[in-house]
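To find a chain, count down the sequence lines: A is the first, B the second, and so on, and within it residues start at 1. Computed from a prediction, not measured in an experiment: that's the story for all the values here.
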There are 2 protein chains.
Amino acid sequence: MSDKRALLLNSALELFYEKGTGTVGINEIIAHSGVAKKTLYHHFSSKEDLILAALSLRDQRYLQWLRERLADADSNADLVRQLFNALNDWFNDRATELGHFRGCFFINTAGESATRNQLISDRCASHKVAVRRLITDSLPQPNDRLVDALCLLKEGATTSAFVQGDKQAALRCIDIALAFDTPAPFAV
Amino acid sequence: MSDKRALLLNSALELFYEKGTGTVGINEIIAHSGVAKKTLYHHFSSKEDLILAALSLRDQRYLQWLRERLADADSNADLVRQLFNALNDWFNDRATELGHFRGCFFINTAGESATRNQLISDRCASHKVAVRRLITDSLPQPNDRLVDALCLLKEGATTSAFVQGDKQAALRCIDIALAFDTPAPFAV
DNA sequence: GTCATGGTAGACAAATTTGTCTACTCATGT
DNA sequence: ACATGAGTAGACAAATTTGTCTACCATGAC
């Protein structure tokens with residue numbers, strides 16, 4: 001097994017997430033990992049290939065982190081609280097597995113390359129599908145409309161926490177999601 | 001008055017929004033506007049200056065568009081529907097003022113340059129503040145918690161519509177926001 | 001022993017980036 | 001009449017980008 005590949009991939013993900021895939025060059029990645037350029041091109045066929053691998057690694061890590069945080073919810077309301085408490089920890093740098101918070105890597109990367117690179121934007125989209133599936137499977141009582149609401153609020157909170165620096169966004173989502181889970185008695 | 005400046009700024013915004021500020025080069029902008037490079041540097045001191053001007057132009061256009069769409073709401077529920085119907089039109093390319101939908105220019109730009117350039121990320125953040133203020137001022141019955149919810153849902157819908165191509169996201173927000181506006185009768 | 005594999009260091013090619021500069025044109029206000 | 005400012009075309013500088021290539025080294029499989 002080549003540990004250089006893992007080293008490169010870790011450096012790439014770290015730098016890409018911190019500064020954006022467009023800003024970080026191949027030379028910066030090899031300098032950061034202390035590896036020769038030839039070695040990088042031995043393991044990855046191009047920068048695009050490396051970006052795709054970094055997206056996959058992030059996808060895997062993020063899902064694993066969230067899966068642990070959503071385990072064993074007793075009720076839907078419980079899951080709502082677990083979800084947004086987890087996000088709250090992430091936004092406030094209390095989720096070491098995910099690194100220093102700089103928004104959602106997939107949203108950021110999609111924004112950088114959407115029109116240009118279909119492979120990359122597809123991988124960003126499928127990460128979101130995987131997260132949605134995880135939330136769906138974690139709900140004790142199936143409720144697709146609630147899943148819709150949770151996904152929308154999650155994206156909104158992540159974006160607000162990043163762009164506006166609104167680090168409390170996740171906590172405010174809890175009431176909104178719970179209100180939706182409890183239908184109003186009368187039509188408005 | 002120099003119309004070349006306006007020409008350049010329009011081209012820049014169009015290209016930056018379509019492909020991202022990092023991807024689009026100075027040469028592409030002057031080719032697109034049919035203007036000499038010297039002219040660009042006569043009106044803008046650097047590419048960063050041009051990006052900031054493009055952000056301001058987009059901010060102004062977006063606010064004007066949204067202001068018209070939120071005018072004269074009879075009730076808070078009415079405003080909720082107006083807001084998300086407007087977003088729905090945008091996502092589905094029925095808001096010609098805003099160009100072909102490619103997500104939120106400010107989110108995309110913040111993701112590209114956040115760590116690197118404080119001026120740019122500040123301007124992205126202040127756009128969001130301005131939109132929030134517009135929503136606040138458009139609510140017939142003041143309700144800060146509702147404004148919070150609307151802003152979170154708006155960011156979530158915009159992001160989902162872009163990254164996942166979920167063009168119906170705005171419509172699903174209506175029920176969620178209305179449920180929040182109508183408090184549940186019992187605690188959950 | 002030999003040969004494939006994975007690795008290093010770094011020169012190099014080719015393209016592209018931002019920004020400057022020269023030399024020239026055209027209009028306009030005083 | 002003439003200076004000034006806005007404009008053009010495009011050469012140029014300097015840096016940076018991705019990706020290739022040569023030459024060499026070490027290790028383990030057969």
Study note, to complete from the structure: Applying salt bridge (charged side-chain N to carboxylate O under 4.0 Å, His left out) to A:R69 and not counting sequence neighbours gives A:D89
Review point. Just how far, in rounded Å, is P of D:dA6 from CZ of B:R5?
Key: 12 Å
Exercise for review: Check ring pair (Phe, Tyr, Trp, His ring centres under 6.0 Å) between A:F106 and all other residues, then give those that pass, not counting sequence neighbours.
Suggested key: A:H127
Check your understanding: Side chains of A:E112 and B:N108: donor-acceptor distance under 3.5 Å anywhere?
Key -> no
Check your understanding: Between the side chains of B:N88 and B:K167, does any donor sit under 3.5 Å from an acceptor?
Key -> no
**Study point:** Heavy-atom protein contacts under 4.0 Å, nucleotides 18-23 of chain C, coded B base, S sugar-phosphate only, - none
**Key:** BBBBB-
Exercise for review: In whole angstrom, give the distance that lies between atom CG of A:L40 and atom C1' of C:dA9.
Suggested key: 15 Å
Review point. What residues form a ring pair (Phe, Tyr, Trp, His ring centres under 6.0 Å) with A:F91, not counting sequence neighbours?
Key: A:F101
Practice item. Specify the separation, in whole Å, of atom CD1 of B:I30 and atom C1' of C:dT16. Key: 13 Å
Check nucleotides 24-29 of chain C for protein N or O atoms closer than 3.5 Å to its own N or O atoms and list the pairs.
none

**Study point:** Cationic N near anionic O, under 4.0 Å, A:D166 to A:R172
**Key:** yes
Review point. Distance check: side-chain N/O of A:H43 vs OP1/OP2 of C:dG7, anything under 4.0 Å?
Key: yes
Study note, to complete from the structure: Residue pairs passing the ring-ring contact (aromatic ring centres under 6.0 Å, His included) test with at least one member in residues 130-153 of chain A, sequence neighbours excluded, are none
Practice item. Please check if the side chain of A:R145 supplies one atom and the backbone of B:D175 the other of a donor-acceptor pair under 3.5 Å. Key: no
